[in-house]
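Take a look at the structure below.
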Amino acid sequence: GKSDDAASASGEAAALRLGYFPNITHAPALIGVKNGLYQQSLGSTKLEPKTFNAGPAAVEALFSGAVDATYIGPNPAINAWATSKGTAIKIIAGSTSGGAGLVVKDGINTPADLKGKKIATPQLGNTQDVALRHWLKENGLNADQQGGGDVSVLPQDNATALQAFAQGAIDGAWVPEPNLSRMILESKGKLLVNEKDLWPNGQFVTTHLIVKQEFLKKYPATVKKLLQGHLASVKFITTDGAGAQKAANEQLGALSGKPLKDEILASAFKNLSFTNDPIASSLYTSAGHAQGVGLLKPVELKGIYDLGPLNELLKADGQPPVSDAAAS
Amino acid sequence: MSILQATETRTERDAVVRLDSVSKQYGSGSNTLLALDRVSLTVAKGEFVCLLGASGCGKSTLLSLVAGLDQISGGTLDIGGRHVSLMFQEAALFPWLSVLGNVELPMRLRGIGRAERRQRAEELLEVVRLEGFGHKRPHELSGGMRQRVALARSLAQNADVLLMDEPFGALDAMTRDILHDELERIWREQELTVLFVTHNVREAVRLGDRVVLLSSRPGRVIEDYPITHERPRRIDSPEVSGQAAEITDRLRAEVARHAS
Amino acid sequence: MSILQATETRTERDAVVRLDSVSKQYGSGSNTLLALDRVSLTVAKGEFVCLLGASGCGKSTLLSLVAGLDQISGGTLDIGGRHVSLMFQEAALFPWLSVLGNVELPMRLRGIGRAERRQRAEELLEVVRLEGFGHKRPHELSGGMRQRVALARSLAQNADVLLMDEPFGALDAMTRDILHDELERIWREQELTVLFVTHNVREAVRLGDRVVLLSSRPGRVIEDYPITHERPRRIDSPEVSGQAAEITDRLRAEVARHAS
Amino acid sequence: MQAEVPVQDNRTASDAAAADRITGLDALELGPRRSKAALGGRIWRSAWPKLLAIAIVILAWQIVVWAQWKPEYVLPGPATVFGDLGTLITTGDFWDGVRVTMIRALTGFALAVLIGTVVGAAVSRFAPLRAAIGSLITGLQTMPSIMWFPLAILLFQISESAIMFVVIIGAAPSVANGLISGIDYVPRTWLRVGQVLGMKGFAKYRHLILPASLPSFISGLKQGWAFSWRSLMAGELLVIVPGALSIGVRMQQARDLSESSLVISFIIVVLVIGILIDVLFNAADNALRRRWGLTGS
Amino acid sequence: MQAEVPVQDNRTASDAAAADRITGLDALELGPRRSKAALGGRIWRSAWPKLLAIAIVILAWQIVVWAQWKPEYVLPGPATVFGDLGTLITTGDFWDGVRVTMIRALTGFALAVLIGTVVGAAVSRFAPLRAAIGSLITGLQTMPSIMWFPLAILLFQISESAIMFVVIIGAAPSVANGLISGIDYVPRTWLRVGQVLGMKGFAKYRHLILPASLPSFISGLKQGWAFSWRSLMAGELLVIVPGALSIGVRMQQARDLSESSLVISFIIVVLVIGILIDVLFNAADNALRRRWGLTGS
Ligand SMILES: Nc1ncnc2c1ncn2[C@@H]1O[C@H](COP(=O)(O)OP(=O)(O)OP(=O)(O)O)[C@@H](O)[C@H]1O
Ligand SMILES: Nc1ncnc2c1ncn2[C@@H]1O[C@H](COP(=O)(O)OP(=O)(O)OP(=O)(O)O)[C@@H](O)[C@H]1O
Ligand SMILES: [Mg+2]
Ligand SMILES: [Mg+2]
């Protein structure tokens, strides 16, 4: 990649290629790019933002050296870690927590009502899919990978799921924001389960920041500056909610041609929380659940985090450090 | 004898094909080409009329008008809704069918049963001297053989009116003689009406009840000879040769006059 | 006089085309067809040889072998690497080119400049009596006109050896006469070697230095007549008619014998 | 010698005169039919079935909407959609997107045509090559565009080139296949004529094979265009270049937002572009058929 | 009368004898060339270029891997991939998926052929229809499959029918276009022959138009197959119908899991299926060309 060519002894790359999705769960990236927070902290290193539509494409790009770091959901990160046998990436910071749940049609009030129903998830084996399957298991319902069982779990992309729900072709969906809010607000769905309620402190990882290990080794200083920008962005969101919403939506509009409706934006922001803490415990737990429902081969996740640089920065800023330890 | 008189005397008879001042123009604007200019011609039932004329004078055009393949540009044309078969100047066999398949096709279209049409097709191949070639494909035949298959296909149509465009052009004299005999036999037996285009004046005299001469572009009827020699005629008989020489001279003169 | 003797006497001369026991077999297995059977034939430089034979006897096959379009199955064939042009039995013009385009094509392939080849093509169209048709498309021509365009295209090739497969089959007697004269003139002026297939025995005698007879399938050389009448000859002169009658009789007899 | 027996001469001049005469005699039947006045008629003749078809579709659609089979936000009515479409196409942004997409589509397609033609010609020329990769060509074509992305990124990083790669690999096989099938069906007679005329190598392709296989080639181009457009729509989702938003991104976005009315607007936009391009191909095709003498009865 | 002047007769019997004689004379040059012994040779002749091509690709791939251009988890070597592929194809699950997908592909394709043929025939038959929807056909084809899903779900909910709909609407236009272009290029002479033989309506299509346009039709079918397969791969991702995991789903899953080796395995599977189908089409095409007399020199 370009950054390799311009390697400097100071550990700073000439350019940093940062991936993110034009999606509200990537709000820190949206705002950081929009307000120039990354560029400010990166200084002479040029920021080259790249956008992706989904995790697999981002991982493909990261693997093949087209981006150096990217915001991404927990699942693709685990897959990237697993397939590269722990050599490709590190998670260096958290970004977003919460904002997922099971929205259902009217008339479904208890888990038992789901028997024989069709429920969509974004993708087989992704965070929401695992969450749904685990939750169904806990509630004594089974669902197999082929869409059979007590409850028919149908992985479909968000746009299809939304539309299918609006037309009554499916009975519910376990989806992340902003689709959660849209199903509720636009299609009169009912929130049966808020995933928040299933986790300790209501915190579970939705998005975090990963970096290529090679890049981290070669340009630790650049990575640190990236984290600085990231921290500034998260701080902006937590201190100026309204401003953050506006900035994020403007960037969304610029990227995709159409900003979110205000009510959906507000509702989605309410369900999400933005934090530097990668909430490692939820990642481990979720991976455990995935193994439990047979969607993940056993994988050693130890070492997936490198929170050293983040903690240094937090410490300098007088904030408490974050931990990569599993919840006991 | 002018064509106008000749036509008048025959009009009342049982006319099968009647052209009245038929014109045909190809193209439009500056690219116009007048192929036929007010041609009047009547063919009576059971008549064998041969059409002679220089290359490009409109003989094929005339046949295609009678067959209804092209629209006339002026005049009137009447075939009384009769079933017409046209044998094209090029063999135009279908390459996806075998020789037998090509010959059987018209019968298939008329809904004749498999066995019957196969038998009839074999007979027709015998008539055109192509026994044993039924299972070849058209591309495996020589030029003359293809022409003979096209003839067989034409005969298989069982039409009332047979239009033939240089059907024997690619044949040697001997094969041609045989096919003359065969064609004459079939014409007589089935009481066909035939309009026959050829460049061979002797052939025209050998076969026709009448020989009609067309002028060079645009084609006009310039002469209409009744041929009265007794049948069967032989192509190298003195009568046929004599009349052929006469017609040839007339044609030559007309063509020379016309071109001057 | 048998062909073997005739060939022997000429072999030493400046042979342009030499066939020695050439056989040609089509198809394989049960579908085998022997089209030519040990044909030996030598054509000397500047000679005009006409080839006669029944339909399907292998004349076109012979030409395509000489032109190198098909592989011989036996014997030897030698044309000394000469530039050969073949005029096909069907006109086979390219529909995407105008008449002029078709005639110019061989010159274009030889890299002749635009103006020169245009002029030459116009000349050739005049030779075949198609002035003014240069900008038509092949489908706008009559059968005989297409054949003449193919002739012009063939002449445009400027080949040493001209193979012609019934080039005047679709022409009326008058046009044919004119083209005979033109072909004879070009042949003499350019010292061409011509191998000419026809079904018209008089035409063969009118044009040829020699007339070679092929038997029916499989084709074999059965006779080789030298034609010694003084040129220019007329197709309806008594000498031409007389010799044509003789050859016709021989052909008829041979074909009858062969078929028995 | 030319004056000797002028059996026939060029009679176009006198033909024209004769034609005039005849036009006088029988003006209704003869005469150049296609005058300038008829041009309007011709356009109208080709336009009314289209307009009628569109009218019928819109009417049927409106009736379904009136029948309230589905709520308005699932199936919006023509009025809503055309309103949205109107707003959409009056924004400069939209036209920027069209420009970006069309430039990609046209360059990609042009490259695909180039590559497809070369590969097609090579494959149909060399028997071993055909045996080796002939079938692979169709095989490649059946590969969903999305599966090429890993390779595209691997080779070209995230760049326009990656999009081009996906477009080309989607469209070139069609072009090649069209050419190959055209070449395979060049009538034997023409090939033999070409051989007699001494055509070889490039000249043979230039003067014989390409013109003779043009019909099939054009239909291959048409298919290739469809493939390249579809691949492009997929490819544009790969890289979202800030700034002008391409059609593909906007379309996906409309879908993500479940804005039915916008989705239908984009369907209409893509259809219209597709139809416009097809009209171009048809013009080429018709010109070809006229030259080949395939029009008329 | 037949015995009169038998100018020529059927001489196949004596020809065969003559052929025998000649075979004796000159066995090397003449004689039936394609004996049974030659069959093996023929297969080998058509196989070695393929094997060579595959060998070259694998070798090049292996060299790239050895050069460690990219880490193994990004670009796995042939050994890894073929190992994974081997494991993959020995599972019953995989074959269930292949079965599900192939059944969908074949039914979808069959329906697309049916519909495409009917539409193509109708469009080329009726001028107003052609004016109305001729261009729409290519327009539809340029529509990315994904855009049909809203409509498919609207019409068929989430079911096999929705997938079929997308497959058919993806493939039918190609089939129709192939047929239309074939029909347009039926030589005028044949049409005139048909008219003289009194062909009309269905008989005309059955006996003239279809056989004459077969080459173009087959190449339309080939393209249609590619479109239907690609549409199916897209369709299988978007609409998951309970049952065995289809190829499309498995492929996407491999991609989601970033398992390069599995992704490449699926690329190979899809390629192989595509190539096998193409081989079928080629067999049809070759049979056709042999019948039409287009093989040989
Ligand atoms: N489809 C066409 N379009 C334009 N002009 C045509 C068309 N068909 C024929 N012509 C022209 O009409 C004239 C007559 O052609 P036609 O084929 O009827 O001649 P012909 O008498 O059959 O000649 P030949 O003996 O050479 O076959 C020719 O000048 C030809 O150029
Ligand atoms: N491509 C081919 N495949 C198989 N058989 C063929 C092929 N071409 C010609 N033949 C056969 O070879 C024999 C000779 O054919 P050829 O075309 O040479 O005859 P010809 O003398 O030119 O006849 P004509 O005067 O009718 O044109 C015929 O019986 C024909 O069926
Ligand atoms: Mg004619
Ligand atoms: Mg011949």
Side-chain angles (χ1 to χ4, degrees), chain B residues 26-27 31 33 35 52-61 88-91 128-130 132-133 135-137 140-148 165-166 168-177 179 197-202 214 216-217 236 241 244-245 247-248 251-252 254-256 259, chain C residues 26-27 30-31 33 35 52-61 88-91 128-130 133 135-137 140-148 165-166 168-177 179 197-202 214 216-217 236 241 244-245 247-248 251-252 254-256 259:
Chain B
Y26 283 110
N31 199 24
L33 193 144
L52 282 173
S55 168
C57 76
K59 302 179 294 297
S60 302
T61 300
F88 291 84
Q89 193 164 3
E90 59 274 33
V128 298
R129 293 295 185 279
L130 282 175
F133 280 83
H135 294 283
K136 299 257 175 207
R137 303 253 151 215
E140 293 176 309
L141 301 184
S142 80
M145 289 157 99
R146 271 177 236 171
Q147 214 173 24
R148 284 179 275 157
D165 202 348
E166 303 184 35
F168 306 138
L171 298 182
D172 60 290
M174 290 112 266
T175 311
R176 197 188 266 236
D177 284 355
L179 291 184
V197 168
T198 178
H199 284 308
N200 191 322
V201 183
R202 283 151 164 269
L214 288 184
S216 284
R217 229 167 321 112
D236 43 7
S241 299
I247 295 177
T248 305
L251 196 53
R252 244 178 240 276
E254 171 59 28
V255 164
Chain C
Y26 284 110
S30 65
N31 199 24
L33 191 144
L52 282 173
S55 169
C57 77
K59 302 178 297 297
S60 302
T61 301
F88 291 85
Q89 192 164 4
E90 59 274 35
V128 298
R129 293 296 185 281
L130 283 176
F133 279 85
H135 295 283
K136 299 256 176 209
R137 305 251 149 217
E140 295 176 308
L141 302 184
S142 79
M145 290 157 99
R146 271 177 235 171
Q147 212 173 26
R148 284 180 275 158
D165 200 349
E166 302 184 36
F168 305 138
L171 298 182
D172 60 289
M174 290 113 265
T175 312
R176 197 188 267 236
D177 282 356
L179 293 183
V197 167
T198 177
H199 284 308
N200 189 323
V201 184
R202 282 151 164 268
L214 289 185
S216 284
R217 229 165 322 113
D236 44 9
S241 297
I247 295 177
T248 305
L251 198 54
R252 244 178 239 275
E254 170 60 29
V255 165

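Note that the structure is predicted; figures quoted are calculated from it, not measured. In what follows, chains are A, B, ... by sequence order, proteins preceding strands, each numbered from 1.
Expressed to the nearest 0.5 Å, how far OG1 of C:Thr248 lies from CG of B:Asp236 amounts to 9.0 Å. From B:Leu130, atom CG reaches atom OG of C:Ser55 across 7.5 Å, with rounding to the nearest 0.5 Å. Once rounded to the nearest 0.5 Å, the distance linking NE2 of B:His199 with CZ of C:Phe168 reads 13.0 Å.
For the set C:Glu166, C:Lys59, C:Glu90, C:His135, the count of heavy-atom pairs under 4.5 angstrom toward chain B peaks at C:Glu166. No other option in C:Gly169, C:Ala91, C:Gly143 has as many heavy-atom pairs under 4.5 Å with chain B as C:Gly143.
Neither the backbone nor the side chain of B:Gln147 comes within contact range of chain C, judged by heavy atoms closer than 4.5 Å. Contacts between B:Asp177 and chain C at a heavy-atom distance below 4.5 Å involve the side chain alone, from C-beta outward.
A salt bridge does not link C:Asp172 with B:Arg252: every distance from a Lys NZ or Arg NE/NH1/NH2 to an Asp or Glu carboxylate oxygen is 4.0 Å or more.
Of all the heavy atoms in B:Ala170 and C:Gln89, the pair that sits closest is CB-NE2, 4.1 Å.
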* Derivation of the side chain to side chain contact (heavy atoms under 4.5 Å, CB included) call for C:Leu33 and B:Glu140 -> CA-CA 10 Å; C:Leu33 191 144; B:Glu140 293 176 309; over 6 Å; no
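In terms of the ring-ring contact (aromatic ring centres under 6.0 Å, His included) criterion, B:Phe88 has no residue partners (sequence neighbours excluded). The salt bridge (Lys or Arg N to Asp or Glu O under 4.0 Å) search around B:Arg202 returns none, not counting sequence neighbours.
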